[in-house]
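Since the structure comes first, as structure tokens, the remarks are kept for the end.
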Amino acid sequence: MSVKVYNTLTRSKEEFAPLTPGHVRIYVCGVTVYDLSHVGHARSTMVFDVIQRYFRFKGYRVTFVRNFTDVDDRIIRRANAEGVPASELSERYIQAFREDMASIGVAPADVEPKATLHIPEMVALIERLVAKGFAYTVDGDVYFEIRRFPAYGRLSGKNLDELLAGARVEVDERKRDPRDFALWKSSKPGEPDWPSPWGPGRPGWHIECSAMATKYLGESFDIHGGGEDLIFPHHECEIAQSEADTGRTFARYWLHNGMVTFRAEKMSKSLGNVLTIRAFVKRHDADAFRLFVLGTHYRHPVDFAEERVRDSARALERLTRLVHDARALGSGTSGALPEALGGVRARFEAAMDDDFNTPQALGVLFDLARALAEDRDRGATDARARERFVAGVSELVTLGQVLGLFQRAPDPGGMPGAVLRLVEERRQARARRDWTRADQLRDEIQRLGWSVEDTPSGPRVTRKSE
RNA sequence: GGCGGCGUAGCCAAGUGGCCAAGGCGGAGGUCUGCAAAACCUCUAUUCAGCGGUUCGAAUCCGCUCGCCGCCUCCA
């Protein structure tokens with residue numbers, strides 16, 4: 001079965017077929033590194049992480065590029081405010097981004113290019129656009145001339161006249177058309193700059209993605225992704241720059257994720273309603289966040305709420321218990337998947353093939369989980385149920401990992417000796433039916449931040465969440 | 001104002017023309033258990049914002065109304 005993707009360009013679901021059979025090339029707009037990333041960035045990055053994982057699962061070779069935009073007004077402003085070079089500031093937040101993404105189980109991209117390391121490519125592209133008559137120079141600035149590219153507005157569905165009527169475009173008399181956008185900006189005092197044929201300056205916002213995508217994926221490639229807030233102007237401008245230059249289709253499928261909102265408003269720096277990934281991870285489990293994010297289709301908005309993440313954590317607990325229980329039974333199985341599980345993968349793939357319908361795919365996993373729990377409980381007396389259980393959990397883990405779940409190794413212990421001793425003492429107390437002492441010990445263990453549950457196979461000790 | 005989208009059970013969320021409207025959380029009852037917790041089982045929307053239309057048949061298509069959001073300005 002082939003994958004269907006919703007293409008913003010055509011506003012419809014299309015059958016996905018890569019330009020090169022068997023090889024998917026994806027470019028996703030990363031972040032502008034001027035501050036810590038928040039859960040909105042996390043969602044976007046995670047969504048494309050899952051898409052990328054799914055293509056690999058389907059057997060495609062994937063080249064996945066996610067850039068860092070490390071030259072920008074906000075970076076410069078902040079760096080100047082802090083009195084550090086812009087490069088130092090952006091490098092700091094690139095590292096922070098990588099740490100944050102690792103903490104929520106997002107895999108690194110195959111290529112993670114930085115804009116400032118691709119200035120020559122950008123300059124060359126701008127030169128070609130000038131030479132071809134798509135761009136013009138004014139006082140050391142270079143602008144893209146929108147009228148020369150009739151398809152401008154197609155991606156975002158903008159009518160060019162209405163764009164003008166909107167009139168929130170800055171008025172700059174030097175531009176031939178107020179809607180023209182900057183490819184190159186001449187440097188001002190206190191700004192980093194690079195040499196160019198038009199004098200020292202820095203690249204405009206959109207040009208870096210055109211240059212880097214082409215460098216790593218070719219003039220024409222398969223998927224370009226990003227948040228839906230990038231559709232206009234960013235992606236619109238990328239298309240104009242790249243296609244004006246090459247005369248070829250830039251990206252063939254444009255995928256956009258919905259925003260994370262907070263109390264129904266878009267989470268963004270300017271509204272001041274952001275929660276950083278860092279702050280988030282202190283309070284919640286990474287997989288719970290993933291379940292929370294993937295529980296909504298990637299194109300729809302997600303309204304962030306701590307209590308909903310906690311709901312996801314409870315749901316996740318059901319899955320992880322199954323995984324732990326299966327590990328306790330040992331992993332040796334006959335490999336052959338019991339027939340009862342045959343439909344699970346097909347249903348999972350059908351959901352994911354349909355524009356990455358992760359909520360539906362998760363539904364399949366929970367259906368599986370229910371069947372597995374039944375088998376587990378019968379496993380004590382029923383060998384076939386037991387075998388089905390172990391094999392089924394292995395399938396659950398396999399499919400869960402396609403969604404990026406279950407990446408962490410099973411808890412290696414890490415239990416303080418004090419807790420360990422109390423647990424053992426309590427076990428002995430229970431053995432001699434000293435319930436008073438046992439309950440005292442349980443309270444003590446809880447005060448240390450752990451909880452004990454008694455199961456037929458002994459006490460189950462876990463770190464207390466919340 | 002223009003463009004795009006959303007409104008499904010207490011909460012979250014799939015489903016977009018035809019079996020009983022997925023799944024999760026919560027809730028109720030039950031099993032298990034020294035207790036507790038967890039787990040497991042069963043139940044939990046005659047109904048899909050409202051109104052009208054198309055159709056043998058609509059949550060799903062069309063129209064209108066109401067409410068909400070995103071983009072049009074830096075933004076994942």
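All chains are named by letter (A, B, ...) in the order of the sequence lines, taking the proteins before the strands, and each is independently numbered beginning at 1.
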Inset, instruction - Just call it for A/Lys158: base, sugar-phosphate, or nothing, with non-hydrogen atoms closer than 4.0 Å on any strand. - result: base
Legend entry - Side chain of A/Arg74 - closest among B/rC74, B/rC71, B/rA22: B/rC74
Inset, instruction - State whether the distance check finds a donor on one side and an acceptor on the other, under 3.5 Å, for side chain A/Arg308 versus base B/rC25. - result: no
Legend entry - Whole-angstrom distance between B/rC48 and B/rC20, as gauged at atom C1': 16 Å
Legend entry - Spacing of the P atoms in B/rG18 and B/rA59 (rounded, Å): 10 Å
Inset, instruction - Quick one: label A/Leu230 by what it contacts on the DNA or RNA (base, sugar-phosphate, nothing), any heavy atom closer than 4.0 Å. - result: sugar-phosphate
Inset, instruction - Would you classify A/Arg43 as touching base, sugar-phosphate or nothing, given that sugar-phosphate means primed atoms plus P, OP1 and OP2, and contacts are heavy atoms under 4.0 Å? - result: nothing
Inset, instruction - Under 4.0 Å between any heavy atoms, over every strand shown, what does A/Val452 touch: base, sugar-phosphate, or nothing? Just pick one. - result: base
Inset, instruction - Pick base, sugar-phosphate or nothing for A/Arg433, based on heavy-atom distances below 4.0 Å to the nucleic acid. - result: nothing
Legend entry - Atom-to-atom span, CZ of A/Arg347 to C1' of B/rG15 - whole angstrom: 13 Å
Legend entry - CZ (A/Arg174) with more than 12 external heavy atoms under 6.0 Å: yes
Inset, instruction - For A/Asp73, answer base if it contacts any base atom (sugar-phosphate contacts may also be present), sugar-phosphate if it contacts only those atoms, and nothing otherwise; contact means non-hydrogen atoms under 4.0 Å. - result: nothing
Inset, instruction - State whether A/Lys266 places a side-chain N or O below 4.0 Å from either non-bridging phosphate oxygen (OP1 or OP2) of B/rC71. - result: yes
Legend entry - P atoms of B/rU44 and B/rA36, separation to the nearest Å: 28 Å
Legend entry - Pair A/His284-A/Glu306, side-chain donor/acceptor within less than 3.5 Å: yes
Legend entry - B/rG26 phosphate, OP1 or OP2, under 4.0 Å from A/Arg310 side-chain N/O: no
Inset, instruction - State whether A/His300 places a side-chain N or O below 4.0 Å from either non-bridging phosphate oxygen (OP1 or OP2) of B/rA14. - result: yes
Legend entry - Donor on one side chain, acceptor on other, A/Gln95 and A/Glu99, under 3.5 Å: no
Inset, instruction - Answer with yes or no whether A/Arg318 presents, from its side chain, a donor or acceptor under 3.5 Å of a partner atom in the base of B/rA39. - result: no
Inset, instruction - Would you tell me whether A/Tyr34 and A/Asp73 have side-chain atoms, one donor and one acceptor, within less than 3.5 Å of each other? - result: no
Legend entry - Whole angstrom value for the distance that separates P of B/rC35 from CZ of A/Arg442: 11 Å
Inset, instruction - Any chance you could lay out the side-chain hydrogen bond (donor to acceptor under 3.5 Å, both in side chains) test for A/Glu444 and A/Gln440, step after step, and finish with the verdict? - result: CA-CA 6 Å; A/Glu444 261 183 72; A/Gln440 266 173 15; over 6 Å; no
Inset, instruction - For A/Arg433, look at atom CZ and say whether over 12 heavy atoms of other residues, nucleotides or ligands are found less than 6.0 Å away. - result: no
Legend entry - Side-chain-base donor-acceptor pair under 3.5 Å for A/Asp229 and B/rC74: no
Inset, instruction - Indicate, with a heavy-atom threshold strictly under 4.0 Å, whether A/Thr32 touches base, sugar-phosphate, or nothing. - result: sugar-phosphate
Inset, instruction - Assign A/Gly225 to base, sugar-phosphate, or nothing according to its heavy-atom contacts below 4.0 angstrom with the strands shown. - result: nothing
Inset, instruction - Could you measure between the two C1' atoms, the one in B/rU55 and the one in B/rG29, and give it in whole Å? - result: 43 Å
Legend entry - Any A/Asn357 side-chain N or O less than 4.0 Å from OP1/OP2 of B/rG15: yes
Inset, instruction - Remember a base hit wins even if backbone is also touched, and classify A/Val260 as base, sugar-phosphate or nothing at under 4.0 Å, heavy atoms. - result: base
Inset, instruction - Test ring-ring contact (aromatic ring centres under 6.0 Å, His included) on A/Phe250 and A/Phe221 and set out the steps. - result: CA-CA 6 Å; A/Phe250 180 49; A/Phe221 58 94; 5.1 Å; yes
Inset, instruction - Using a 4.0 Å heavy-atom cut-off across all strands, classify A/Gly226 as base, sugar-phosphate, or nothing. - result: sugar-phosphate
Legend entry - Donor-acceptor pair under 3.5 Å, A/Arg11 side chain vs B/rG4 base: no
Inset, instruction - Give a yes/no on whether any side-chain N or O of A/Arg314 is located under 4.0 angstrom from OP1 or OP2 of B/rG26. - result: yes
Inset, instruction - Check the distance between B/rG5's P and A/His297's NE2 and give it to me in whole angstrom. - result: 13 Å
Inset, instruction - Measure from CH2 on A/Trp435 to C1' on B/rG34 and round the result to the nearest Å. - result: 4 Å
Inset, instruction - Give the nucleotide from the list B/rG70, B/rA13, B/rG15 with an atom nearest to the side chain of A/Pro359. - result: B/rA13
Inset, instruction - Using only heavy-atom distances, decide whether a donor-acceptor pair under 3.5 angstrom links the side-chain of A/Asp439 to the base of B/rG34. - result: yes
Legend entry - Listed nucleotide nearest any side-chain atom of A/Thr296, set B/rG4, B/rA14, B/rA76: B/rA14
Inset, instruction - Tell me which nucleotide among B/rA76, B/rC69, B/rC35 gets nearest to the side chain of A/Asn257. - result: B/rA76
Legend entry - A/His41 NE2 to B/rA76 C1', straight-line distance once rounded to whole Å: 5 Å
Inset, instruction - Can you tell me, in whole Å, how much space there is between the C1' of B/rC12 and that of B/rG7? - result: 14 Å
Inset, instruction - Would you classify A/Arg426 as touching base, sugar-phosphate or nothing, given that sugar-phosphate means primed atoms plus P, OP1 and OP2, and contacts are heavy atoms under 4.0 Å? - result: base
Inset, instruction - Tell me what A/Glu228 touches on the nucleic acid: a base, only sugar-phosphate, or nothing, going by heavy atoms under 4.0 Å. - result: sugar-phosphate
Inset, instruction - May I ask you to establish whether A/Arg299 and A/Tyr6 are in a cation-pi arrangement, using a distance under 6.0 Å from NZ or CZ to the six-membered ring centre and at most 45° from the ring axis? - result: yes
Legend entry - Given A/Asp354, A/Asp355, A/Asp353, the one that forms salt bridge (charged side-chain N to carboxylate O under 4.0 Å, His left out) with A/Lys13: A/Asp354
Inset, instruction - Please work out if A/His234 contacts a base, only the sugar-phosphate, or nothing of the nucleic acid, heavy-atom cut-off 4.0 Å. - result: nothing
Legend entry - Integer-rounded Å distance: B/rC12 P and A/Leu362 CG: 18 Å
Inset, instruction - In whole angstrom, give me the gap between the C1' atoms of B/rU54 and B/rU60. - result: 13 Å
Legend entry - Interatomic distance at P, B/rA49 relative to B/rG10, whole Å: 13 Å
Inset, instruction - Select base, sugar-phosphate, or nothing to describe what A/Asp303 touches, counting heavy atoms under 4.0 Å on all strands. - result: nothing
Legend entry - Separation of the P atoms in B/rA14 and B/rG52, to the nearest angstrom: 29 Å
